[in-house]
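Data block below; observations after.
Order of appearance sets the numbers: ligands from 1, and atoms from 1 within every ligand. Values below: every heavy atom of this structure, side chains too, minus hydrogens, waters and symmetry copies.
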Amino acid sequence: MKSIQVHLGPRSYAIHVESGLIKKIPHILSENNHGQKWLIVSQHRLMEMFGFKLINLLKENNYNTDYITLPTGEAAKSLNEFSRLISQMVEMKCDRSTTVLALGGGVVGDVAGFAAASFMRGIDYYQIPTTLLAMVDSSIGGKTGINIAEGKNLVGAIHQPNGVLIDTDHLTSLPKEELVAGLGEVIKYGAIYDREFLLKISGWLDNLNTFPFEEAVARSCAIKADVVSEDERERGLRRILNFGHTVGHALEAHFGYGKMRHGEAVAYGMLSAGYISKKLGSLTSSETDLLFETIQKLPLPEIGQQNSNHLMEYIRTDKKNEKGVLNFVILDGLGSAITSTAVNEDLIKESLKVLS
Ligand SMILES: NC(=O)c1ccc[n+]([C@@H]2O[C@H](COP(=O)([O-])OP(=O)(O)OC[C@H]3O[C@@H](n4cnc5c(N)ncnc54)[C@H](O)[C@@H]3O)[C@@H](O)[C@H]2O)c1
Ligand SMILES: [Zn+2]
């Protein structure tokens with residue numbers, strides 16, 4: 001088992017990564033079992049695949065467990081579903097001592113995490129991510145939240161989990177497109193932080209059937225843990241995690257949430273940001289080629305020629321959110337990233353040509 005530490009003083013926690021880890025969960029959590037209620041928040045299909053097995057394991061080890069399911073899809077991240085979840089928690093007599101186990105992808109993690117952040121002003125929770133994206137990204141760092149009509153993730157809180165428990169066996173049942181989307185974020189970690197890792201990923205992508213997920217997940221988590229330990233509230237370093245995300249978010253909004261997966265949009269966004277890095281002279285031609293080759297090994301959906309003016313509208317929204325200054329993340333060599341406020345609209349528009 002690989003254990004990685006997120007260093008945040010009294011809010012520090014460990015990320016455990018191992019294939020078959022689910023069997024060890026009762027043991028890993030045993031120090032924190034004081035007879036309180038352990039509430040699994042998940043989705044119906046995931047309960048059938050892994051949740052009931054986990055409940056049985058916990059019950060055999062004297063844990064008092066219950067569960068609540070959320071609908072699937074981004075729709076679960078709504079005020080309505082959040083309110084339904086909190087009401088059910090009250091009905092089940094959850095209290096300040098209750099510990100939540102968020103079992104699922106980023107959607108479950110975000111809603112269950114926000115419930116844990118706000119129920120009775122905050123209770124303990126663990127993330128048990130089951131998608132690749134959730135394993136390497138959303139389960140670490142404590143960002144939780146839901147969507148409102150006016151935009152995604154507009155209501156939320158930073159509430160760190162007490163631990164992250166990753167069983168890479170769960171990836172076996174994940175649809176290939178979800179896996180590919182998660183790989184977009186894995187490539188991002190290599191690109192912004194670890195050149196050697198990026199080179200390894202590039203080789204591994206030649207055959208997805210032999211891709212060493214345990215190793216790739218553990219390294220990705222370690223990089224995210226490093227960055228979050230340094231800058232929990234995204235005032236500086238944490239911004240580099242947004243590499244590929246300015247154009248990525250625009251593509252997601254343009255195609256409609258749910259039509260293009262977040263990680264797929266980020267993969268395209270990294271092509272655009274790679275092009276810009278080269279144009280600004282911070283990435284050499286051969287480094288840019290290597291980044292492009294790696295991203296292009298992913299079987300991404302075709303997107304064709306896009307209306308750059310339309311995409312720019314969404315990018316301007318990102319800028320509005322940052323007090324009029326767009327912090328664009330570029331690469332400063334492979335394995336190193338910086339934020340630049342000097343990336344202008346013309347250059348972004350020009351970079352969109354590489355997407356089709
Ligand atoms: N909090 C953060 O820091 C952060 C970071 C990135 C993304 N996010 C959020 O994460 C969400 C996307 O997460 P996601 O990509 O994991 O999507 P998701 O949670 O919707 O999961 C995708 C689908 O896969 C299913 N699934 C999950 N695990 C499975 C498994 N092991 N086998 C088979 N099917 C499985 C789910 O039921 C769902 O239908 C977005 O809402 C995004 O805003 C949050
Ligand atoms: Zn992302």
Identity and separation of the nearest protein heavy atom to atom 27 (C) of ligand 1: Thr131 CG2, 3.3 Å
Contact partition for Thr144 relative to ligand 1, non-hydrogen atoms under 4.0 Å: neither
His44 versus Thr69, side-chain donor and acceptor atoms under 3.5 Å: no
Residue pair Asn309 / Lys349, side-chain donor-acceptor N/O under 3.5 Å: yes
Polar proximity ligand 1 side, Glu74 side, N/O cut 3.5 Å exclusive: yes
Hydrophobic cluster identity match, Leu165 and Val6, side-chain contacts under 4.5 Å: no
Side-chain H-bond candidate by donor/acceptor type, Ser78 with Glu81, under 3.5 Å: no
Heavy-atom nearest neighbour in the protein, as seen from atom 18 (P) of ligand 1, with distance rounded to 0.1 Å: Val107 CG2, 3.9 Å
Asn153 and Lys143 side chains, donor-acceptor separation under 3.5 Å: no
Phe211 and Phe213 aromatic ring geometry - parallel, tilted or perpendicular at 30°/60° bounds: tilted
Within 6.0 Å of NZ in Lys279, more than 12 heavy atoms from elsewhere: no
Ligand 1 N/O within reach of His262 N/O, cut-off under 3.5 Å: no
Donor-acceptor side-chain pairing of Trp38 and Asn33 below 3.5 angstrom: yes
Close-contact set for ligand 1 against Lys152 heavy atoms, below 4.0 Å: 40 (C), 41 (O), 42 (C), 43 (O)
Polar atom proximity, Lys77 to ligand 1 (N or O, under 3.5 Å): yes
No-hydrogen, no-angle side-chain donor-acceptor test under 3.5 Å, Gln5 and Tyr13: no
Polar contact flag for Gln43 and ligand 1 (N/O pairs, less than 3.5 Å): yes
Tyr125 and His159 aromatic ring geometry - parallel, tilted or perpendicular at 30°/60° bounds: parallel
Closest protein heavy atom (residue, atom, distance) for atom 6 (C) of ligand 1: Asp137 OD2, 3.5 Å
Numbered atoms and elements of ligand 1 in range of Ser173, under 4.0 angstrom, heavy atoms: 30 (C), 31 (N), 32 (N), 33 (C)
Nearest neighbour in protein (non-hydrogen) for atom 10 (O) of ligand 1: Gly106 CA, 3.3 Å
Closest protein heavy atom to atom 9 (C) of ligand 1, given as residue, atom name and distance to 0.1 Å: Asp110 OD2, 3.4 Å
For ligand 1, the portion of Glu178 having any non-hydrogen atom under 4.0 Å away: side chain
Close approach, Glu185 and ligand 1, non-hydrogen under 4.0 angstrom: no
Arg45 neighbourhood, listing ligand 1 atoms whose heavy-atom distance to it stays under 4.0 Å: 33 (C), 34 (N)
Sub-4.0 Å protein heavy atom near atom 33 (C) of ligand 1: yes
Top protein contact for atom 31 (N) of ligand 1, by heavy-atom distance: His170 O, 2.8 Å
Thr99-Gln36 side chain donor-acceptor pair, cut-off 3.5 Å: yes
Side chain, backbone, both or neither: the part of Asn153 lying under 4.0 Å from ligand 1 by heavy atom: side chain
For atom 28 (N) of ligand 1, the protein heavy atom that lies nearest, with its residue and separation: Thr130 OG1, 2.7 Å
Close approach of Met49 to ligand 1, heavy atoms, under 4.0 angstrom: yes
Residues Glu234 and Asn242: side-chain donor-acceptor under 3.5 angstrom: yes
Nearest neighbour in protein (non-hydrogen) for atom 5 (C) of ligand 1: Ser138 CB, 3.5 Å
Ligand 1-proximal atoms of Leu133, by part, heavy-atom distance under 4.0 Å: side chain
His262 versus His245, side-chain donor and acceptor atoms under 3.5 Å: yes
More than 12 heavy atoms of other groups within 6.0 Å of His34 NE2: yes
Identity of the N, O or S atom of Glu185 lying closest to the Zn ion (ligand 2): OE2
